[in-house]
Amino acid sequence: MEGLTSAQVAAAKTNDVPRRTSRSLSAIIRANVLTLFNLVIGVLWALIMIFGEWQDSLFGLVIVANAMIGIVQELRAKRTLDRLAVVNEAPVTVRRDGRDQQIHSRHIVLGDLILLGPGDRLLVDGEVVAAQGLEIDESLLTGEADPVRKQPGDQVLSGSFAVAGSGAFTATRVGEDAYAAQLTEQASAFSLAHSELRDGVTKFIKYITWLVIPIGTLLLYSQVRNDEDFGSAITGAVAGIVTMIPEGLVLMTSIAFAVGVVRLGQRNALVQELPAIEGLARVDVLCLDKTGTLTAGGMELGEVIRLRDDAPIDDALGALAHVDSHPNATAQAIQAGYASPPGWTATDLVPFSSARKWSGATFDGHGSWSLGAPDVLLSPDHQAYGTAATLAATGARVIALCRTEENEPVALITLKQRIRPDAHETLQYFAAQGVTVKVISGDSPDAVAAIATALEIPGGERAVDARTLPPDDQEKLAEILEDNTVFGRVTPQQKRQFVAALQSRGHTVAMTGDGVNDVLALKDADLGIAMGAGSPATKAVAQVVLLDDRFDSLPEVVAEGRRVLANIERVSNLFLTKTFYAIALSLVVGVLGVMFPFAPRHSTLVNALTIGAPALFLALAPTLERARSGFVPRVLRFAVPAGLITAAAVMLSFWAGGGDRTSAVVTLFIVTWWILALVARPLRPWKVLLIGVMAVLFALALAVPFTRQFFALGAGGWAAVAIGAVAAAAISAAVKLTGTLRA
């Protein structure tokens, strides 16, 4: 039990595992440079440089811009995540050279003697060498909910966590050899995928890629066959193909996620899985644990009500409070008022667990004593049972001290809990945002109801005793959860069942918590949110950790998720409208065998002013919009008609102008500029300024001789303006008819 020596530590294998929140620099560069779209654009750029004019190759800068912006933003997110991960990393207690010391998990070495207490997460595999009522929850590995009592010689696996008692084990497998590391190497890798938003964008890219190949081939064939100048034919074909590619859509999505991570990091919220950013926006039910979430951490000893004058109450309380080397909050509060009495030596111990809701010990010469919830330890017909219920109704936490042999209560102890000063305002925010709050706690229903009533939670005065709920009927449980708000005496396994029942009704469920009794529910919830002061196991399974332990950070966290989701939908409308009008134009041109209505340099100019630059601002803009499901069909309902109307207007303007490309470009700008104005709603002064600046820049491109010559633009005509205005009105009518955009 002396642990390793310093020399042994220096020579041993370390616990070196990659962080789940971050990928390497080389992986970031590969992900942003080696993409299918970059390959296609690179080939098209090379064709223009060989057969066309260099001014038409400006679209090639998109490769450089996309890669650089994506890399820079993701590196910012990586630095933020890595920094916060270090802050969030719970220290591990090891014994070396006979002394206990706390180290970072990365510094654990093979053979280390690691000490365990309630809530400690096992980060490496090992063999138990000492145990005092040690119970390990292995449900995250095996699915079995019941804790396993461990004795010296038993094996323990990484990924599990201690729920009761204390002990020590020797590390036998560390780093990538550990059980949990092998299981989660792929599952916990840094990823921007696995969300409705990302899956929707991926679907768009997949389908568009399959469309680009045949349509691009048709366009190239028609241009080469009908144009005597091979270079002009290549230029026309490239213009259509490049415009079909939504090259900035993936970039904008990645940027929005990455910037969301950085912004939340500045608020001391660690996002351990990036898709959690989207989950924040979709939450419609928030399950709150009372202790540590609605109430401030820690408790104060209140009143001790003596039920038996002949019992050594003071000594028994002091002995029970000090017997566990890892006291919980209740024991810590009692320790503040009672010292450990001399002569009370424990010969047996049952440590506290959330499932039992009591702890106990046998003391040599003084008998067995237990300390726990009155409605668990006492008979309902006992007078003290009613007294405890009356005290709990005031909001106090009540525990009973019992002499185990006689099964007789000797005292009731009240503990004071402080409501968080920010709790009321935060709950009001969620109510205004349409997020339903459910308070689920292991405390007595009366105590939970008192706190809920003080916070003016609707239905808070009617607390449901979870012991009366159906154990195996999920449908019935879901009905009860829909109709009630506050639940007491909820076991850890029931919290998990609550989450599943709510999800079965189509709810997106967020769960907050700070104790080991919340781990299973946090893991199963759509979004697990852990408090920074919570147990290591809780913070390990949560997607978001509030490092500063502030409950009032939750509104900002949810608002950030909604900002990302709403803004990505905006820019998706812009990029996919461009894709669909390019597809329609390419099909018409390919079938009719006419010249493409604009050159690559024209599409570069229009796209930069109506999509590229504005999308960068819109993707990062603040918004209060609530999340809506149906991202993919809603974007398609906007982009398809808008794209078809745009294509028709451009071709009409091109033909009306006698094959004048400037007329087509003017019409294209007017229509897409109007689409930008529609997508940017609701309009704010800065958005009006942004839209106005884009119009001024296009007017300057037409007016200034140098830019007019560079972009091969002529005078255009009023007919092009009129056609563009009519098309813009048609798109407004289509948007109103489909109801795809919010005013």
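All residue numbers in this chain count up from 1 along the given sequence.
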Item to complete: Examine distances only and state if a side-chain atom of D552 and a backbone atom of D422 form a donor-acceptor pair shorter than 3.5 Å.
Response: no
**Message:** Using modelled atom types and a 3.5 Å cut-off, is there a donor and acceptor pairing between side-chain atoms of N328 and backbone atoms of A331?
**Reply:** yes
Salt-bridge criterion met for R550 and E556 (N-O under 4.0 Å): no
TODO: Could you tell me whether the side chain of T390 and the main chain of G386 form a donor-acceptor pair under 3.5 Å?
DONE: yes
**OP:** May I have the step-by-step check of side-chain contact (heavy atoms from CB on, under 4.5 Å) for E135 and R356, ending in yes or no?
**Re:** CA-CA 12 Å; E135 297 179 15; R356 279 190 297 268; 2.8 Å; yes
Practice problem: Taking the side chain as every heavy atom from C-beta outward, state whether L157 and L122 have any atom pair closer than 4.5 Å. | Solution: no
dist L522:CG -> T512:OG1 (nearest 0.5 Å) comes out at 7.5 Å
| task | Check whether the side chains of S444 and D446 place a donor and an acceptor atom closer than 3.5 Å, and report yes or no. | result | no
Fill in: Lys/Arg-Asp/Glu bridge criterion (N-O < 4.0 Å) met for R505, E475
yes
Using a 4.5 Å cut-off on heavy atoms from C-beta on, say whether the side chain of F352 contacts that of T330. no
Between A384 and L412 the two heavy atoms that sit nearest each other are O-CD1, 3.8 Å
For D375 and R467 the tightest heavy-atom approach is OD2-NH2, 2.9 Å
CG of D284 to CZ of R282, rounded to nearest 0.5 Å, is 11.0 Å
Separation between CG (L371) and NZ (K357), nearest 0.5 Å, reads 14.0 Å
Just wondering, do D443 and R397 contact through their side chains at under 4.5 Å, heavy atoms? yes
**Request:** Check whether any side-chain heavy atom of S553 sits under 4.5 Å from a side-chain heavy atom of D548, and report yes or no.
**Result:** yes
Do R263 and L620 come within less than 4.5 Å of each other through their side chains, counting heavy atoms only? yes
On a heavy-atom basis, the closest approach of I136 and K150 is CG1-CG, 3.5 Å
query = Is atom CD of E425 surrounded by more than 12 heavy atoms (other residues, nucleotides or ligands) closer than 6.0 Å?
reply = no
Point to revise | Check: L401 and P409 side chains under 4.5 Å, non-hydrogen atoms | key: no
(Q) Quick check against the 3.5 Å criterion: does T485 have a side-chain atom that pairs as donor or acceptor with the backbone of P458? (A) yes
Heavy-atom nearest pair, L123 first then S105, reads CD1-CB, 3.2 Å
Closest non-hydrogen contact found for S158 with Y179 is OG-N, 3.4 Å
Test salt bridge (charged side-chain N to carboxylate O under 4.0 Å, His left out), reference R496, set D137, D518, D524, output is D524
Could you check whether any side-chain N or O of Q497 sits under 3.5 Å from a backbone N or O of Q474, counting only pairs where one atom can act as donor and the other as acceptor? no
Heavy-atom nearest pair, A333 first then L415, reads CB-CD2, 3.9 Å
So S359 and L320, do their side chains get closer than 4.5 Å, heavy atoms only? no
field: Full working for side-chain contact (heavy atoms from CB on, under 4.5 Å) between V635 and E569
entry: CA-CA 7 Å; V635 170; E569 185 167 327; 4.0 Å; yes
### Message
Please determine whether the number of non-hydrogen atoms from other residues, nucleotides or ligands lying under 6.0 Å from atom CG of D473 exceeds 12.
### Response
yes
Is the number of heavy atoms from other residues, nucleotides or ligands within 6.0 Å of CG (D483) greater than 12?
-> yes
Checklist entry - With distance as the sole test, does K438 use its side chain to make a donor-acceptor pair with the main-chain N or O of L481 at under 3.5 Å? => result yes
Rounded to the nearest 0.5 Å, the CE atom of M511 sits from the CG atom of L527 at a distance of 11.5 Å
d(I413 CD1, L317 CG) to nearest 0.5 Å is 4.5 Å
- Could you tell me whether the side chains of N573 and R570 share a donor-acceptor contact shorter than 3.5 Å? no
I want to check something: taking the side chain as every heavy atom from C-beta on, are I480 and F487 in contact at a cut-off of under 4.5 Å?
yes
**Request:** Assess whether side-chain contact (heavy atoms from CB on, under 4.5 Å) is satisfied between D289 and S441, documenting all intermediate values.
**Result:** CA-CA 5 Å; D289 180 42; S441 173; 4.3 Å; yes
Output for pair (T404 OG1, W358 CH2), nearest 0.5 Å, gives 7.5 Å
For the pair Q335 (side chain) and A321 (backbone), establish whether a donor and an acceptor sit closer than 3.5 Å, ignoring hydrogens and angles.
-> yes
Discussion item. One pair to check against side-chain contact (heavy atoms from CB on, under 4.5 Å): N567 and V564. What are the steps and the verdict?
Written reply: CA-CA 5 Å; N567 290 340; V564 170; over 6 Å; no
### Query
Quick one: does T387's side chain have a donor or acceptor within less than 3.5 Å of a partner on Q383's backbone?
yes
